[in-house]
Amino acid sequence: MSKPSLPQGTRDFSASVVRKRNYIFQTIRSVMESYGFQPLETPAMENLDTLMGKYGDEGDKLIFKILNNGLDNPTKHEQAKIEFDKVLAGKNTKGLTERALRYDLTIPFARYVAMNHSQLTLPFKRYQIQPVWRADRPQKGRYREFYQCDADVVGSYSLLNEVELSNLYAEVFKQLGVAVTIKMNNRKILAALAEICGGADKMVDITVAIDKLDKIGLDKVKEELSERGLNEQQINTIETYLLFNGNNEEKINSLKNLIGENETGNKGIAELEWVLNYHQNSFVGTHLQADFTLARGLNYYTGIIFEVKANDAQMGSIGGGGRYDDLTGTFDVPNIPGVGISFGVDRIYDVMEELQLFPAEVQTGTKVLFFNLGDAESRAAYSLVQSLRSKGIAAELYHENSKFDKQFKYADKKQIPYAVIIGSKELQENLVVIKNLLTGDQQSLSNSELLSFTF
RNA sequence: GAGGGCAUAGCUCAGUAGGUUAGAGCGACAGUUUGUGGCACUGUAGGUCGUGGGUUCGAGACCCAUUGUUCUCCCCA
(Lines give C-alpha, C1' and ligand atoms only; values in the text may rest on other atoms or scores of the structure.)
Protein backbone atom coordinates (compact mmCIF):
# COMPACT_ATOMS: atom_id res chain seq x y z
CA MET A 1 0.00 0.00 0.00
CA SER A 2 1.62 3.24 -1.08
CA LYS A 3 -0.04 6.62 -0.79
CA PRO A 4 -3.68 6.37 0.26
CA SER A 5 -6.19 8.01 -2.00
CA LEU A 6 -9.91 8.48 -2.51
CA PRO A 7 -11.95 6.59 -5.07
CA GLN A 8 -12.59 8.74 -8.08
CA GLY A 9 -15.44 11.18 -7.71
CA THR A 10 -15.72 10.94 -3.93
CA ARG A 11 -14.83 13.51 -1.31
CA ASP A 12 -13.90 13.84 2.34
CA PHE A 13 -15.75 16.60 4.11
CA SER A 14 -13.76 18.42 6.76
CA ALA A 15 -15.25 20.07 9.83
CA SER A 16 -16.12 23.44 8.36
CA VAL A 17 -17.68 21.89 5.26
CA VAL A 18 -19.68 19.40 7.29
CA ARG A 19 -20.99 22.17 9.49
CA LYS A 20 -22.12 24.22 6.52
CA ARG A 21 -23.68 21.22 4.82
CA ASN A 22 -25.48 20.29 8.02
CA TYR A 23 -26.83 23.79 8.21
CA ILE A 24 -28.42 23.28 4.79
CA PHE A 25 -29.70 19.82 5.71
CA GLN A 26 -31.15 21.05 9.01
CA THR A 27 -32.94 23.93 7.34
CA ILE A 28 -34.46 21.69 4.70
CA ARG A 29 -35.36 19.04 7.26
CA SER A 30 -37.08 21.41 9.64
CA VAL A 31 -39.13 23.01 6.87
CA MET A 32 -40.12 19.61 5.51
CA GLU A 33 -41.15 18.46 8.97
CA SER A 34 -43.20 21.59 9.41
CA TYR A 35 -45.10 20.68 6.24
CA GLY A 36 -45.90 17.25 7.62
CA PHE A 37 -43.33 15.23 5.72
CA GLN A 38 -41.91 12.20 7.50
CA PRO A 39 -38.37 10.91 7.23
CA LEU A 40 -37.52 7.74 5.38
CA GLU A 41 -34.19 6.01 4.98
CA THR A 42 -33.52 3.10 2.67
CA PRO A 43 -30.44 0.86 2.36
CA ALA A 44 -27.36 1.93 0.45
CA MET A 45 -27.84 -1.14 -1.74
CA GLU A 46 -30.90 -2.47 -3.53
CA ASN A 47 -31.50 -5.62 -5.48
CA LEU A 48 -30.21 -5.05 -8.98
CA ASP A 49 -33.65 -5.96 -10.34
CA THR A 50 -35.18 -3.09 -8.44
CA LEU A 51 -32.96 -0.57 -10.20
CA MET A 52 -32.34 -1.95 -13.68
CA GLY A 53 -34.46 -0.57 -16.45
CA LYS A 54 -35.75 2.36 -14.43
CA TYR A 55 -33.34 5.01 -15.65
CA GLY A 56 -33.07 4.24 -19.34
CA ASP A 57 -30.20 2.57 -21.15
CA GLU A 58 -27.73 5.29 -20.17
CA GLY A 59 -28.83 5.07 -16.58
CA ASP A 60 -28.41 1.31 -16.45
CA LYS A 61 -24.77 1.73 -17.41
CA LEU A 62 -24.23 4.18 -14.58
CA ILE A 63 -25.52 1.93 -11.83
CA PHE A 64 -22.76 0.81 -9.47
CA LYS A 65 -23.02 -2.95 -9.27
CA ILE A 66 -21.76 -5.00 -6.37
CA LEU A 67 -19.87 -8.18 -7.08
CA ASN A 68 -21.32 -11.25 -5.41
CA ASN A 69 -19.37 -12.86 -2.62
CA GLY A 70 -18.19 -16.43 -2.74
CA LEU A 71 -17.31 -16.51 -6.43
CA ASP A 72 -13.91 -17.95 -5.53
CA ASN A 73 -15.57 -21.07 -4.18
CA PRO A 74 -14.08 -23.87 -6.36
CA THR A 75 -17.45 -25.60 -6.78
CA LYS A 76 -18.79 -22.44 -8.44
CA HIS A 77 -15.87 -21.72 -10.75
CA GLU A 78 -17.41 -23.29 -13.81
CA GLN A 79 -20.70 -21.48 -13.36
CA ALA A 80 -18.97 -18.15 -12.64
CA LYS A 81 -17.03 -18.36 -15.90
CA ILE A 82 -20.19 -19.02 -17.87
CA GLU A 83 -21.85 -16.07 -16.17
CA PHE A 84 -18.88 -13.85 -16.88
CA ASP A 85 -19.15 -14.59 -20.58
CA LYS A 86 -22.70 -13.28 -20.41
CA VAL A 87 -21.39 -10.07 -18.85
CA LEU A 88 -18.87 -9.71 -21.66
CA ALA A 89 -21.81 -10.00 -24.04
CA GLY A 90 -23.31 -6.96 -22.35
CA LYS A 91 -25.84 -8.73 -20.18
CA ASN A 92 -26.39 -8.50 -16.47
CA THR A 93 -26.37 -11.67 -14.55
CA LYS A 94 -27.43 -12.57 -11.05
CA GLY A 95 -24.71 -15.15 -10.98
CA LEU A 96 -22.12 -12.41 -10.61
CA THR A 97 -24.02 -9.45 -9.25
CA GLU A 98 -27.41 -9.26 -7.68
CA ARG A 99 -27.08 -6.05 -5.70
CA ALA A 100 -26.30 -2.48 -6.64
CA LEU A 101 -25.81 0.87 -4.96
CA ARG A 102 -28.74 3.23 -4.77
CA TYR A 103 -28.83 5.41 -7.91
CA ASP A 104 -31.41 7.91 -6.73
CA LEU A 105 -34.00 8.21 -3.96
CA THR A 106 -37.11 8.01 -6.09
CA ILE A 107 -36.98 4.37 -7.16
CA PRO A 108 -36.11 3.06 -3.68
CA PHE A 109 -39.04 5.12 -2.43
CA ALA A 110 -41.29 3.64 -5.08
CA ARG A 111 -40.09 0.18 -4.05
CA TYR A 112 -40.88 1.04 -0.43
CA VAL A 113 -44.35 2.27 -1.29
CA ALA A 114 -45.03 -0.78 -3.44
CA MET A 115 -44.00 -3.07 -0.58
CA ASN A 116 -45.91 -1.20 2.11
CA HIS A 117 -48.84 0.47 0.42
CA SER A 118 -51.41 -1.58 2.30
CA GLN A 119 -50.11 -0.23 5.61
CA LEU A 120 -49.45 3.33 4.53
CA THR A 121 -51.97 6.06 5.17
CA LEU A 122 -52.44 7.84 1.89
CA PRO A 123 -51.55 10.45 0.96
CA PHE A 124 -48.11 9.55 2.21
CA LYS A 125 -45.63 12.39 2.56
CA ARG A 126 -42.01 11.45 3.00
CA TYR A 127 -38.68 13.19 2.80
CA GLN A 128 -35.35 11.51 2.38
CA ILE A 129 -31.82 12.86 2.62
CA GLN A 130 -29.20 10.29 1.71
CA PRO A 131 -26.22 9.79 -0.58
CA VAL A 132 -26.59 8.14 -3.97
CA TRP A 133 -23.93 6.66 -6.24
CA ARG A 134 -23.37 6.82 -9.96
CA ALA A 135 -20.60 5.26 -12.03
CA ASP A 136 -20.45 8.46 -14.04
CA ARG A 137 -17.24 10.11 -15.11
CA PRO A 138 -16.72 12.93 -12.61
CA GLN A 139 -16.41 16.53 -13.73
CA LYS A 140 -17.19 19.94 -12.40
CA GLY A 141 -20.07 19.71 -9.95
CA ARG A 142 -20.59 16.02 -10.67
CA TYR A 143 -19.50 13.27 -8.38
CA ARG A 144 -19.79 9.53 -8.03
CA GLU A 145 -21.17 9.92 -4.55
CA PHE A 146 -23.46 12.81 -3.77
CA TYR A 147 -26.45 13.62 -1.61
CA GLN A 148 -29.98 13.89 -2.75
CA CYS A 149 -32.70 15.50 -0.78
CA ASP A 150 -36.21 14.61 -1.86
CA ALA A 151 -39.76 15.27 -0.70
CA ASP A 152 -42.66 13.43 -2.28
CA VAL A 153 -46.38 13.06 -1.75
CA VAL A 154 -47.97 9.89 -3.09
CA GLY A 155 -51.59 8.90 -3.31
CA SER A 156 -53.10 12.28 -4.07
CA TYR A 157 -54.12 13.99 -7.30
CA SER A 158 -54.83 17.29 -5.58
CA LEU A 159 -53.06 20.35 -6.91
CA LEU A 160 -52.86 21.54 -3.33
CA ASN A 161 -49.74 19.39 -3.17
CA GLU A 162 -48.13 21.42 -5.92
CA VAL A 163 -49.09 24.55 -4.02
CA GLU A 164 -47.49 23.28 -0.85
CA LEU A 165 -44.34 22.02 -2.53
CA SER A 166 -43.73 25.32 -4.27
CA ASN A 167 -44.32 26.99 -0.94
CA LEU A 168 -41.85 24.63 0.69
CA TYR A 169 -39.24 25.55 -1.89
CA ALA A 170 -39.78 29.24 -1.29
CA GLU A 171 -39.63 28.79 2.47
CA VAL A 172 -36.39 26.80 2.48
CA PHE A 173 -34.58 29.27 0.26
CA LYS A 174 -35.95 32.19 2.22
CA GLN A 175 -34.51 30.69 5.39
CA LEU A 176 -31.20 30.02 3.69
CA GLY A 177 -31.14 33.55 2.36
CA VAL A 178 -30.84 32.49 -1.28
CA ALA A 179 -32.88 34.58 -3.72
CA VAL A 180 -34.50 32.21 -6.17
CA THR A 181 -36.91 31.95 -9.03
CA ILE A 182 -39.18 28.93 -9.05
CA LYS A 183 -39.93 28.06 -12.64
CA MET A 184 -43.06 26.13 -13.37
CA ASN A 185 -44.42 24.41 -16.43
CA ASN A 186 -46.72 21.51 -17.18
CA ARG A 187 -45.90 18.42 -19.16
CA LYS A 188 -49.46 18.53 -20.50
CA ILE A 189 -48.58 21.78 -22.20
CA LEU A 190 -45.51 20.17 -23.75
CA ALA A 191 -47.68 17.24 -24.81
CA ALA A 192 -50.05 19.67 -26.48
CA LEU A 193 -47.15 21.31 -28.28
CA ALA A 194 -46.13 17.90 -29.58
CA GLU A 195 -49.67 17.21 -30.76
CA ILE A 196 -49.80 20.53 -32.57
CA CYS A 197 -46.45 19.76 -34.16
CA GLY A 198 -47.78 16.71 -35.82
CA GLY A 199 -47.57 13.91 -33.36
CA ALA A 200 -47.71 12.97 -29.72
CA ASP A 201 -44.95 10.49 -30.47
CA LYS A 202 -42.59 13.44 -30.90
CA MET A 203 -43.07 14.51 -27.29
CA VAL A 204 -39.88 12.89 -25.98
CA ASP A 205 -37.76 14.28 -28.83
CA ILE A 206 -39.17 17.74 -28.28
CA THR A 207 -38.71 17.79 -24.51
CA VAL A 208 -35.18 16.42 -24.65
CA ALA A 209 -34.22 19.12 -27.12
CA ILE A 210 -36.02 21.96 -25.34
CA ASP A 211 -34.46 20.93 -22.06
CA LYS A 212 -31.10 22.00 -23.44
CA LEU A 213 -32.21 25.51 -24.36
CA ASP A 214 -30.43 27.14 -21.42
CA LYS A 215 -27.23 25.36 -22.16
CA ILE A 216 -26.87 25.35 -25.92
CA GLY A 217 -29.11 28.16 -27.12
CA LEU A 218 -32.04 28.41 -29.51
CA ASP A 219 -30.14 27.73 -32.73
CA LYS A 220 -28.65 24.49 -31.49
CA VAL A 221 -32.03 23.40 -30.16
CA LYS A 222 -33.50 23.95 -33.61
CA GLU A 223 -30.66 21.95 -35.10
CA GLU A 224 -31.30 19.12 -32.70
CA LEU A 225 -35.04 19.20 -33.43
CA SER A 226 -34.24 18.92 -37.07
CA GLU A 227 -31.93 15.98 -36.44
CA ARG A 228 -34.71 14.38 -34.45
CA GLY A 229 -36.93 14.46 -37.50
CA LEU A 230 -39.08 17.55 -37.17
CA ASN A 231 -39.79 19.60 -40.27
CA GLU A 232 -39.33 23.32 -40.71
CA GLN A 233 -42.92 24.27 -40.05
CA GLN A 234 -42.97 22.28 -36.83
CA ILE A 235 -39.72 23.81 -35.71
CA ASN A 236 -41.09 27.28 -36.42
CA THR A 237 -44.06 26.55 -34.21
CA ILE A 238 -41.74 25.42 -31.44
CA GLU A 239 -39.62 28.52 -31.87
CA THR A 240 -42.66 30.76 -31.50
CA TYR A 241 -43.53 28.83 -28.38
CA LEU A 242 -40.04 29.16 -26.92
CA LEU A 243 -39.98 32.90 -27.52
CA PHE A 244 -43.07 33.78 -25.50
CA ASN A 245 -42.23 36.57 -23.12
CA GLY A 246 -43.71 39.01 -20.64
CA ASN A 247 -45.13 38.34 -17.21
CA ASN A 248 -46.90 35.13 -16.29
CA GLU A 249 -50.29 36.36 -17.51
CA GLU A 250 -48.95 37.59 -20.85
CA LYS A 251 -47.10 34.37 -21.49
CA ILE A 252 -50.15 32.31 -20.67
CA ASN A 253 -52.24 34.38 -23.06
CA SER A 254 -49.75 33.85 -25.87
CA LEU A 255 -49.81 30.17 -25.10
CA LYS A 256 -53.61 30.02 -25.15
CA ASN A 257 -53.58 31.45 -28.66
CA LEU A 258 -51.15 28.83 -29.84
CA ILE A 259 -52.82 25.92 -28.11
CA GLY A 260 -56.31 26.80 -29.26
CA GLU A 261 -58.79 24.01 -28.62
CA ASN A 262 -56.25 21.34 -27.67
CA GLU A 263 -57.80 19.57 -24.70
CA THR A 264 -54.62 18.36 -23.00
CA GLY A 265 -53.02 21.75 -23.38
CA ASN A 266 -55.92 23.61 -21.87
CA LYS A 267 -55.99 21.25 -18.95
CA GLY A 268 -52.32 21.92 -18.38
CA ILE A 269 -52.84 25.65 -18.54
CA ALA A 270 -55.74 25.45 -16.11
CA GLU A 271 -53.64 23.53 -13.59
CA LEU A 272 -50.81 26.00 -13.88
CA GLU A 273 -53.15 28.95 -13.45
CA TRP A 274 -54.75 27.34 -10.43
CA VAL A 275 -51.44 27.03 -8.63
CA LEU A 276 -50.35 30.53 -9.64
CA ASN A 277 -53.62 32.02 -8.45
CA TYR A 278 -53.37 30.21 -5.15
CA HIS A 279 -50.12 31.99 -4.47
CA GLN A 280 -51.21 35.33 -5.82
CA ASN A 281 -51.19 37.11 -2.50
CA SER A 282 -48.40 35.21 -0.77
CA PHE A 283 -44.64 35.77 -0.81
CA VAL A 284 -44.31 32.62 -2.88
CA GLY A 285 -46.06 34.28 -5.78
CA THR A 286 -43.27 36.74 -6.33
CA HIS A 287 -40.86 33.85 -6.89
CA LEU A 288 -43.08 31.81 -9.18
CA GLN A 289 -42.54 32.12 -12.87
CA ALA A 290 -44.37 30.32 -15.63
CA ASP A 291 -41.66 29.17 -18.00
CA PHE A 292 -42.82 27.12 -20.96
CA THR A 293 -39.26 26.40 -22.02
CA LEU A 294 -38.83 24.31 -18.90
CA ALA A 295 -38.94 20.66 -19.92
CA ARG A 296 -36.94 18.46 -17.49
CA GLY A 297 -35.25 15.50 -19.02
CA LEU A 298 -36.91 12.85 -16.91
CA ASN A 299 -39.73 11.37 -18.87
CA TYR A 300 -41.82 10.04 -16.04
CA TYR A 301 -43.25 13.47 -15.28
CA THR A 302 -46.84 13.93 -16.42
CA GLY A 303 -48.15 17.14 -14.85
CA ILE A 304 -46.74 20.29 -13.35
CA ILE A 305 -42.95 20.45 -13.24
CA PHE A 306 -40.66 22.70 -11.22
CA GLU A 307 -37.15 23.97 -11.38
CA VAL A 308 -35.42 26.38 -9.02
CA LYS A 309 -32.69 28.77 -10.06
CA ALA A 310 -30.60 31.07 -7.90
CA ASN A 311 -31.03 34.67 -9.00
CA ASP A 312 -27.60 35.96 -8.06
CA ALA A 313 -25.31 33.14 -9.10
CA GLN A 314 -24.22 31.61 -12.36
CA MET A 315 -25.38 28.10 -11.67
CA GLY A 316 -27.69 25.52 -13.15
CA SER A 317 -30.84 24.53 -11.34
CA ILE A 318 -30.55 24.00 -7.60
CA GLY A 319 -33.78 22.05 -7.32
CA GLY A 320 -36.39 20.39 -9.44
CA GLY A 321 -39.37 18.12 -9.42
CA GLY A 322 -42.85 17.50 -10.67
CA ARG A 323 -45.89 15.27 -10.85
CA TYR A 324 -45.83 11.71 -12.05
CA ASP A 325 -48.91 9.57 -12.50
CA ASP A 326 -47.76 6.10 -11.77
CA LEU A 327 -44.85 5.84 -9.42
CA THR A 328 -45.22 2.19 -8.47
CA GLY A 329 -46.64 0.77 -11.65
CA THR A 330 -43.28 -0.73 -12.47
CA PHE A 331 -43.57 -2.76 -9.25
CA ASP A 332 -47.07 -3.98 -10.17
CA VAL A 333 -48.88 -1.64 -7.81
CA PRO A 334 -50.86 0.60 -10.17
CA ASN A 335 -52.75 3.83 -9.64
CA ILE A 336 -50.57 5.53 -7.08
CA PRO A 337 -49.90 9.04 -8.35
CA GLY A 338 -47.35 11.32 -6.82
CA VAL A 339 -45.62 14.65 -6.91
CA GLY A 340 -42.19 15.41 -5.59
CA ILE A 341 -39.35 17.88 -5.44
CA SER A 342 -35.67 17.60 -4.82
CA PHE A 343 -32.88 19.88 -3.60
CA GLY A 344 -29.43 19.92 -5.16
CA VAL A 345 -27.47 20.21 -1.95
CA ASP A 346 -24.01 20.41 -3.49
CA ARG A 347 -25.02 23.21 -5.78
CA ILE A 348 -26.87 25.05 -3.03
CA TYR A 349 -23.67 24.82 -1.03
CA ASP A 350 -21.64 26.30 -3.87
CA VAL A 351 -24.11 29.14 -4.37
CA MET A 352 -24.15 29.97 -0.67
CA GLU A 353 -20.39 29.86 -0.49
CA GLU A 354 -20.09 32.15 -3.50
CA LEU A 355 -22.57 34.64 -2.10
CA GLN A 356 -21.21 34.25 1.44
CA LEU A 357 -24.57 33.37 2.90
CA PHE A 358 -23.46 31.03 5.67
CA PRO A 359 -23.98 32.66 9.06
CA ALA A 360 -20.83 32.93 11.18
CA GLU A 361 -22.41 30.90 14.02
CA VAL A 362 -22.40 27.84 11.80
CA GLN A 363 -18.64 27.61 12.25
CA THR A 364 -18.26 27.74 16.01
CA GLY A 365 -17.11 24.51 17.52
CA THR A 366 -15.33 24.72 20.86
CA LYS A 367 -16.34 27.83 22.78
CA VAL A 368 -13.64 27.89 25.42
CA LEU A 369 -10.17 26.45 25.88
CA PHE A 370 -8.76 25.91 29.36
CA PHE A 371 -5.02 26.37 29.50
CA ASN A 372 -3.00 23.58 31.03
CA LEU A 373 -0.49 25.01 33.46
CA GLY A 374 0.44 22.01 35.56
CA ASP A 375 -1.01 18.97 37.19
CA ALA A 376 -2.89 20.57 40.11
CA GLU A 377 -3.97 23.47 37.90
CA SER A 378 -5.30 21.26 35.14
CA ARG A 379 -7.24 19.12 37.61
CA ALA A 380 -9.08 22.21 38.79
CA ALA A 381 -9.60 23.19 35.17
CA TYR A 382 -10.88 19.75 34.21
CA SER A 383 -13.68 19.79 36.75
CA LEU A 384 -14.79 23.19 35.44
CA VAL A 385 -14.58 21.90 31.87
CA GLN A 386 -16.89 19.04 32.81
CA SER A 387 -19.36 21.40 34.46
CA LEU A 388 -19.46 23.60 31.37
CA ARG A 389 -19.87 20.58 29.12
CA SER A 390 -22.83 19.40 31.16
CA LYS A 391 -24.38 22.80 30.52
CA GLY A 392 -23.98 22.20 26.81
CA ILE A 393 -21.02 24.53 26.32
CA ALA A 394 -18.29 23.04 24.15
CA ALA A 395 -15.13 23.23 26.26
CA GLU A 396 -11.66 21.75 26.04
CA LEU A 397 -8.68 21.40 28.31
CA TYR A 398 -5.36 21.71 26.52
CA HIS A 399 -3.82 18.27 26.47
CA GLU A 400 -0.36 19.12 27.75
CA ASN A 401 1.39 21.57 30.00
CA SER A 402 2.98 23.42 27.08
CA LYS A 403 4.20 26.92 26.62
CA PHE A 404 1.57 29.64 26.44
CA ASP A 405 2.53 30.25 22.89
CA LYS A 406 1.43 26.77 21.80
CA GLN A 407 -1.79 26.83 23.74
CA PHE A 408 -2.73 30.17 22.22
CA LYS A 409 -1.94 28.92 18.76
CA TYR A 410 -4.14 25.89 19.27
CA ALA A 411 -7.02 28.18 20.22
CA ASP A 412 -6.34 30.32 17.16
CA LYS A 413 -6.32 27.39 14.80
CA LYS A 414 -9.59 26.07 16.10
CA GLN A 415 -11.07 29.56 16.23
CA ILE A 416 -11.94 29.17 19.88
CA PRO A 417 -13.24 32.52 21.11
CA TYR A 418 -12.37 32.25 24.81
CA ALA A 419 -9.45 31.04 26.90
CA VAL A 420 -9.59 30.31 30.61
CA ILE A 421 -6.33 30.52 32.49
CA ILE A 422 -5.90 28.81 35.84
CA GLY A 423 -2.36 29.05 37.11
CA SER A 424 -0.91 28.61 40.58
CA LYS A 425 -1.96 32.12 41.56
CA GLU A 426 -5.54 31.67 40.45
CA LEU A 427 -5.63 28.26 42.06
CA GLN A 428 -4.67 29.75 45.40
CA GLU A 429 -7.18 32.56 45.18
CA ASN A 430 -9.83 30.20 43.84
CA LEU A 431 -10.37 32.37 40.80
CA VAL A 432 -10.08 31.95 37.06
CA VAL A 433 -8.99 34.37 34.38
CA ILE A 434 -11.14 34.42 31.28
CA LYS A 435 -9.78 36.03 28.19
CA ASN A 436 -11.63 37.02 25.04
CA LEU A 437 -9.21 36.00 22.34
CA LEU A 438 -10.68 38.32 19.75
CA THR A 439 -10.48 41.51 21.75
CA GLY A 440 -7.70 40.53 24.15
CA ASP A 441 -9.81 41.66 27.13
CA GLN A 442 -9.54 39.55 30.24
CA GLN A 443 -11.12 39.46 33.65
CA SER A 444 -11.02 37.43 36.85
CA LEU A 445 -14.07 35.44 37.82
CA SER A 446 -15.01 33.10 40.62
CA ASN A 447 -15.80 29.51 39.67
CA SER A 448 -19.53 30.07 39.97
CA GLU A 449 -19.33 33.25 37.91
CA LEU A 450 -17.57 31.28 35.20
CA LEU A 451 -20.30 28.65 35.15
CA SER A 452 -22.95 31.30 34.53
CA PHE A 453 -20.85 33.22 32.02
CA THR A 454 -22.47 33.70 28.65
CA PHE A 455 -20.00 32.60 26.00
C1' G B 1 -18.70 5.61 -24.22
C1' A B 2 -15.48 9.89 -26.95
C1' G B 3 -11.78 13.75 -26.48
C1' G B 4 -8.28 17.46 -24.11
C1' G B 5 -5.12 19.44 -19.78
C1' C B 6 -2.17 18.38 -15.59
C1' A B 7 1.25 15.19 -12.29
C1' U B 8 8.08 18.59 -8.80
C1' A B 9 8.44 19.28 -0.45
C1' G B 10 2.56 18.46 3.95
C1' C B 11 -0.03 22.68 0.66
C1' U B 12 0.30 26.34 -3.69
C1' C B 13 3.58 26.54 -7.39
C1' A B 14 8.78 28.11 -9.98
C1' G B 15 12.32 25.34 -12.67
C1' U B 16 14.01 29.63 -18.67
C1' A B 17 16.74 26.22 -25.83
C1' G B 18 17.81 19.07 -22.12
C1' G B 19 23.84 20.61 -18.61
C1' U B 20 27.02 20.35 -12.21
C1' U B 21 24.80 19.63 -5.29
C1' A B 22 16.14 20.58 -7.78
C1' G B 23 14.11 26.19 -5.65
C1' A B 24 10.39 29.83 -3.42
C1' G B 25 6.15 31.08 -0.49
C1' C B 26 2.95 29.11 3.06
C1' G B 27 2.73 25.30 6.72
C1' A B 28 5.41 22.09 10.47
C1' C B 29 9.18 21.89 14.21
C1' A B 30 12.91 24.43 17.42
C1' G B 31 14.76 28.95 19.39
C1' U B 32 14.75 34.59 20.33
C1' U B 33 16.03 34.10 29.08
C1' U B 34 9.64 28.46 30.35
C1' G B 35 2.38 33.37 33.10
C1' U B 36 -0.31 36.33 27.99
C1' G B 37 -0.85 34.53 21.66
C1' G B 38 -1.86 36.09 16.46
C1' C B 39 3.56 39.88 14.28
C1' A B 40 8.81 39.80 13.47
C1' C B 41 13.66 37.54 13.33
C1' U B 42 16.99 33.06 13.30
C1' G B 43 17.48 28.10 12.40
C1' U B 44 15.93 22.80 11.30
C1' A B 45 13.50 18.95 8.98
C1' G B 46 11.04 17.58 4.57
C1' G B 47 11.59 15.62 -2.65
C1' U B 48 13.63 7.80 -5.57
C1' C B 49 10.61 15.22 -9.79
C1' G B 50 3.35 9.77 -10.20
C1' U B 51 5.26 4.78 -12.16
C1' G B 52 7.87 1.87 -16.09
C1' G B 53 10.50 1.98 -20.49
C1' G B 54 13.17 4.77 -24.40
C1' U B 55 16.27 8.87 -26.94
C1' U B 56 21.03 11.24 -25.18
C1' C B 57 27.71 11.82 -23.05
C1' G B 58 23.77 13.87 -19.85
C1' A B 59 16.35 13.91 -18.73
C1' G B 60 12.36 17.13 -13.75
C1' A B 61 12.38 18.96 -18.98
C1' C B 62 12.03 15.23 -25.19
C1' C B 63 9.32 10.33 -26.96
C1' C B 64 6.21 5.92 -25.71
C1' A B 65 3.37 3.28 -22.29
C1' U B 66 0.89 3.11 -17.64
C1' U B 67 -1.63 4.97 -13.31
C1' G B 68 -3.89 8.99 -10.94
C1' U B 69 -6.33 13.55 -11.32
C1' U B 70 -9.06 17.36 -13.70
C1' C B 71 -12.13 19.42 -17.55
C1' U B 72 -15.35 19.07 -22.02
C1' C B 73 -19.00 16.15 -24.97
C1' C B 74 -22.87 12.18 -24.33
C1' C B 75 -26.03 11.85 -20.01
C1' C B 76 -27.33 13.86 -15.66
C1' A B 77 -27.73 16.26 -9.95
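Numbers restart at 1 for each chain; the letters A, B, ... are given by sequence-line order, proteins then strands. Model, not experiment: these values are computed from the prediction. Side chains included, hydrogens not; waters and symmetry mates left out as well; all remaining heavy atoms used.
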Requested in this report: Using the C1' atom on both, measure B:rG46 against B:rG10 and round to a whole Å.
Outcome: 9 Å
Query raised in the report: Heavy atoms under 4.0 Å, any strand shown: does A:R134 hit a base, just sugar-phosphate, or nothing?
Result: base
Query raised in the report: What closest approach, in Å, do A:V362 and A:R19 show between heavy atoms, and which atom pair accounts for it?
Result: O-CD, 3.2 Å
Query - Rounded P spacing from B:rG50 to B:rC41 in Å - result: 33 Å
Requested in this report: Please measure how far the P atom in B:rU69 lies from the corresponding atom in B:rA30, and state the result in whole Å.
Outcome: 35 Å
Query raised in the report: Is there a side-chain contact between A:P7 and A:R144, using heavy atoms and a 4.5 Å cut-off?
Result: no
Query raised in the report: What does nucleotides 31-43 of chain B look like as a protein-contact string, B for base, S for sugar-phosphate only, - for none, at under 4.0 angstrom between heavy atoms?
Result: S---BBBB-----
Query raised in the report: Which dot-bracket string describes RNA chain B (Watson-Crick N1-N3 plus N6-O4 or O6-N4, or G-U N1-O2 and O6-N3, all under 3.5 Å; [ ] crossing; | other strand)?
Result: (((((((..((((.....[...)))).(((((.......))))).....(((((..]....))))))))))))....
Requested in this report: Between B:rC13 and B:rC73, how far apart are the P atoms? Round to whole Å, please.
Outcome: 23 Å
Report task. Return the set of residues passing side chain to side chain contact (heavy atoms under 4.5 Å, CB included) with A:Q234 (not counting sequence neighbours), or none when no residue passes. Result -> A:C197, A:L230, A:N231
**Report entry** Shortest non-hydrogen contact from A:A411 toward A:L369
**Finding:** CB-CD2, 3.9 Å
Query raised in the report: In chain order, what residues pass the side chain to side chain contact (heavy atoms under 4.5 Å, CB included) check against A:N311, with sequence neighbours excluded?
Result: A:A179, A:T181
Query - Within-4.5 Å side-chain heavy-atom neighbours: A:L373 and A:S378 - result: no
Query raised in the report: P atom, B:rG53 versus B:rG58: distance in rounded Å?
Result: 16 Å
Show every donor-acceptor pair shorter than 3.5 Å between a side-chain atom in residues 397-408 of chain A and any protein atom, with sequence neighbours excluded, or say none if there are none.
from: A:Q407; atom 1: OE1; to: A:N372; atom 2: N; distance (Å): 2.8
from: A:Q407; atom 1: NE2; to: A:N372; atom 2: O; distance (Å): 2.8
from: A:Q407; atom 1: NE2; to: A:S402; atom 2: O; distance (Å): 2.9

Report task. With the side chain counted from C-beta on, respond yes when A:L384 and A:L451 share a heavy-atom pair under 4.5 Å apart, and no when they do not. Result -> yes
Requested in this report: Check the distance between B:rC26's P and A:K413's NZ and give it to me in whole angstrom.
Outcome: 14 Å
Query raised in the report: Going 5' to 3' along nucleotides 68-75 of chain B, which nucleotides have protein heavy atoms under 4.0 Å from the base (write B), which only from the sugar-phosphate (write S), and which from neither (write -)?
Result: -S-SSBBB
Query raised in the report: Is a side-chain donor-acceptor pair under 3.5 Å present for A:Y103 with A:E46?
Result: no
Report task. Assess the pair A:F343 and A:F173: is the distance between their ring centroids shorter than 6.0 Å? Result -> yes
Report summary line: note: A:I63, atom CD1; B:rC76, atom P; distance rounded to Å ~ 14 Å
Report summary line: Nearest heavy-atom approach of A:L445 to A:L450 is CD1-CA, 4.0 Å
Query raised in the report: Using the P atom in both, what is the distance from B:rU32 to B:rG15, to the nearest Å?
Result: 39 Å
Requested in this report: May I ask you to say what A:F371 touches in the nucleic acid, namely base, sugar-phosphate or nothing, with a heavy-atom cut-off under 4.0 Å?
Outcome: nothing
Requested in this report: Take the protein atom CD1 of A:I305 and the nucleotide atom P of B:rA77, then report the distance between them rounded to whole Å.
Outcome: 13 Å
Query - Spacing of the P atoms in B:rG27 and B:rU42 (rounded, Å) - result: 14 Å
Query raised in the report: For atom C1', what is the distance between B:rU12 and B:rA28, given to the nearest Å?
Result: 16 Å
Requested in this report: For residues A:Y169 and A:G320, report the shortest heavy-atom separation together with the two atoms involved.
Outcome: OH-N, 2.8 Å
